[in-house]
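Encoded as structure tokens, the structure appears first; notes follow it.
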Amino acid sequence: MTRYPNLLAPLDLGFTTLKNRVLMGSMHTGLEERGDWNRVAEFYAARARGGASLIVTGGMSPNEEGGVFPGAAGLFSDQDIANHKTVTDRVHAEGGKIAMQILHAGRYAYGPNCVSASPVKSPISPFPPKELDEEGIQKQIDDFATAAARAKEAGYDGVEVMGSEGYFLNQFLVTHTNKREDRWGGSYENRMRLPIEVVKAVRAAVGPDFIVIYRLSMIDLVPNGSTFDEVVQLAKEVEAAGATIINTGIGWHEARIPTIATSVPRAAFTWVTKKLMGQVSIPVITSNRINTPEVGEEVLAGGAADMVSMARPFLADPDFVVKAAEDRAGEIAPCIACNQACLDHTFGGKISTCLVNPRACYETELSYEMTDTPKSIAIVGAGPAGLSTALVADERGHKVTLFDRADEVGGQLNMAKKIPGKEEFIGLVEWYDRMVQASDIDLQLGRDVTADDLTGFDEVIIATGVTPRDPGIEGQDSDKVLSYVDVLRHGAPVGDKVAIIGAGGIGFDIAEFLTQAGESPTENLEEWLAEWGVTDPETARGGLAPDGPKPEAPARHVTLMQRKAKALGKGLGKTTGWIHRATLKMKGVEMVGGVNYERITDEGLMVSSGEARENPRLVEVDNIILCAGQLPERSVFDQLADKGISAHIIGGADVAAELDAKRAIDQGSRLAASL
């Protein structure tokens, strides 16, 4: 008897059956553009082996003007079809099914030839789109159909027509971007004409026995977005036009509301999909922040959808479904929705991967095969760098001893997990602990080792992390002064008025920690929706609350400061930094750059401005929190060097750059793979 009867139940589509209710959602990885089709094929094949019933590729452009960026992948030639056939054959050999997403970016296309319903420039692109005429619109419809036909020729089991997230078809639907007065604009019947015609053309091009998914924006989260009555109307028309399945899209890319970041509650938008259930007779998929079998099962059991879509969880663990089916859910490497190695990489023009799983998209390059020459390996430090090294080395057959002076594994992750909005790190630390306990690793906690303890090993790896940097401010030995470690690890009491020195990632984390009163909104959906101003699209267009965001009052008054004379938070994550800045703004945090820290007094912090040290003033506070960076903790490494013992050094002990778990885990995994 499975613990997940709904999640693992087959789904009969009439002409074909999906073996379970888990869709691997579309993600742009950047692999197709690299031209290594064996690598692309292995990425998807690994997820097919892992049990996903249907995989959707990253978005393939139907034409040049619709590409997300110049040179974006598509099916434009016979060679493209042959390349994609490599992928579909490999997926089918593993017992999987795969659909190609057809994505036309419209005004989101990052190029001067972008097109849309009207010449309304996107706030996330410098290029104003050209308004399509009747002939141009027909060309786009034909190109969608051609792309679908080529996908079928390439062996795909279906296509997903991307109609959400503010892309091309979505742009025709709402008056926010459609200012036309012809038969493609004005009334909603006219504005929804394009997606309907596209679905009709796609169905005609592929015939009856082929999966056609339509990705429908259920809640736009932008001004003048669709009402829910319009969403239902479009869903019914899309079904009539020939769609097999309707998938859920949440929010436009330009929306100022987070939809998939770690601070978004799990399954935060499934209530929107549930409102469509019963309105159409074809299956409905729900998505966003579903990252465990338990959450997926609960969503399906509650009638919110017929199927769940998970994208990034398949980066974290390609064997997600197999492990769930074998009652090994505790072994599933958790997606923490951090965006650091996936979306941040995508928008930075890099190949996507995963903070938790560096093998994602590197399956053909990074191998964890069993070693022919097992070694005894000592690892000092059970933070993310040491843990990843230990687990991979153990998997490969090495004999691993893992030391840490603390009484728990996780290192700096144990501070990160206390930040409101970063509760997913709790599960990550628990997963590491479970995996270590289930391995042959000799874990020795509470051990403050020295070089003398590390003799006799074949390899020694130092992963001792970082230590807070001393900013050297006059008066910092005052009782008013605390470090971020005092606050997060030791629970030091903090007063009502606080100054934070240092506005990197840790400074922002401390500010969020200190301003949060009571339960984290990430753990309370109703509170989170109110904080960001999200409401039912039945009552307000686009799901935006008319009275705007209503965050809880801050627990403290916080001033966040940095020496650099630029906007605070510029170095935060590419796709999540704006969320942290907006959160602190809602909490009334005062952000000040270009500050000199003159001295700390009984009253507070004396500061001045600029190189000339002008405008000296007192910031009256109860406490001053030091978040002024970190230095590598290399004492054991230096002891070893003094004794002439060679060792590897990784993670923060190697380079102290914020609390960079992504780099630490990748570095540790690759080192262990090479030993």
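Under the side-chain contact (heavy atoms from CB on, under 4.5 Å) criterion, Pro123 pairs with Arg107, Glu254, sequence neighbours left out. Remark: Glu430 pairs with no residue by the salt bridge (Lys or Arg N to Asp or Glu O under 4.0 Å) rule, at least two apart or across chains. In this structure Ala341 satisfies the side-chain contact (heavy atoms from CB on, under 4.5 Å) test together with His345, Thr353, Lys662, sequence neighbours excluded. Remark: Glu160 pairs with Arg215 by the salt bridge (Lys or Arg N to Asp or Glu O under 4.0 Å) rule, at least two apart or across chains. With sequence neighbours excluded, no residue forms a salt bridge (Lys or Arg N to Asp or Glu O under 4.0 Å) with Arg21. Looking at residues two or more places apart in sequence or on another chain, you find a ring-ring contact (aromatic ring centres under 6.0 Å, His included) between Phe314 and Phe320. Listed by chain and residue number, Ile102, Val159, Val202, Val206 satisfy the side-chain contact (heavy atoms from CB on, under 4.5 Å) test with Ala148 (two or more places apart in sequence, or in another chain). For Glu294, the side-chain contact (heavy atoms from CB on, under 4.5 Å) partners at least two apart in sequence or on another chain are Arg3, Tyr4, Thr292, Ala329. Qualifying salt bridge (Lys or Arg N to Asp or Glu O under 4.0 Å) partners for Glu424, counting only residues two or more places apart in sequence or in other chains: Arg266, Arg289.
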Output a table of donor-acceptor pairs, distance under 3.5 Å, between side-chain atoms of residues 217-228 and any protein atom two or more places apart or on a different chain; print 'none' if there are none.
{"unit_1": "Ser217", "atom_1": "OG", "unit_2": "Asp220", "atom_2": "OD1", "d": "2.4"}
{"unit_1": "Asp220", "atom_1": "OD1", "unit_2": "Trp252", "atom_2": "NE1", "d": "3.1"}
{"unit_1": "Asp220", "atom_1": "OD2", "unit_2": "Ser226", "atom_2": "N", "d": "2.8"}
{"unit_1": "Asp220", "atom_1": "OD2", "unit_2": "Ser226", "atom_2": "OG", "d": "3.4"}
{"unit_1": "Thr227", "atom_1": "OG1", "unit_2": "Glu230", "atom_2": "N", "d": "3.2"}

Next on the checklist: Determine whether Met435 and Glu331 satisfy the following criterion, side-chain contact (heavy atoms from CB on, under 4.5 Å), listing intermediate values before the conclusion.
Outcome noted: CA-CA 7 Å; Met435 297 308 290; Glu331 297 177 25; 4.2 Å; yes
Checklist entry - Can you check side-chain contact (heavy atoms from CB on, under 4.5 Å) on Leu488 and Ile419, steps first, answer last? => result CA-CA 9 Å; Leu488 294 177; Ile419 307 303; 3.8 Å; yes
Next on the checklist: The test is side-chain contact (heavy atoms from CB on, under 4.5 Å); show your working for Val199 and Phe144 and say whether it passes.
Outcome noted: CA-CA 9 Å; Val199 175; Phe144 268 94; over 6 Å; no
Item to check | Test log, rule side-chain contact (heavy atoms from CB on, under 4.5 Å), inputs Ile282 and Tyr214 | outcome: CA-CA 11 Å; Ile282 56 177; Tyr214 185 81; over 6 Å; no
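For residues 525-535, no residue pair satisfies the side-chain hydrogen bond (donor to acceptor under 3.5 Å, both in side chains) rule, not counting sequence neighbours. Residue pairs meeting the salt bridge (Lys or Arg N to Asp or Glu O under 4.0 Å) criterion with at least one partner in residues 234-249, sequence neighbours excluded, do not occur; the list is empty.
Aromatic pair Tyr167/Tyr108: ring centres closer than 6.0 Å.
Side-chain contact check for Glu552 and Gln516: no donor-acceptor pair (N or O, by modelled atom type) lies under 3.5 Å. Under the 3.5 Å distance criterion, with hydrogens and angles disregarded, no donor-acceptor pair is assigned to the side chains of Arg191 and Thr177. Counted by atom type alone, Thr346 and Ser352 present one or more donor-acceptor pairs between their side chains at under 3.5 Å.
At least one side-chain heavy atom of Met307 sits less than 4.5 Å from a side-chain heavy atom of Leu18. Proximity of Met415 to Asp509: side-chain heavy atoms (C-beta onward) are nowhere separated by under 4.5 Å. Put simply, the side chain of Ile285 reaches to within 4.5 Å of the side chain of Ile245, judged on heavy atoms. Residues Pro358 and Ile665 are in side-chain contact: their nearest non-hydrogen atoms beyond the backbone lie under 4.5 Å apart.
Put simply, the side chain of Thr270 gets close to the backbone of Ala267: a donor and an acceptor are under 3.5 Å apart. In this structure, the side chain of Asp157 engages the main chain of Ile98 through a donor-acceptor pair within 3.5 Å. The closest donor-acceptor contact from the side chain of Lys418 to the backbone of Phe513 lies at 3.5 Å or more, if one exists at all.
Considering every non-hydrogen atom in both Gly507 and Leu560, the closest pair reads O-CD1, 3.8 Å.
Between Asp319 and Arg328, none of the side-chain N atoms (NZ, or NE/NH1/NH2) sits under 4.0 Å from a carboxylate O, so this pair counts as no salt bridge.
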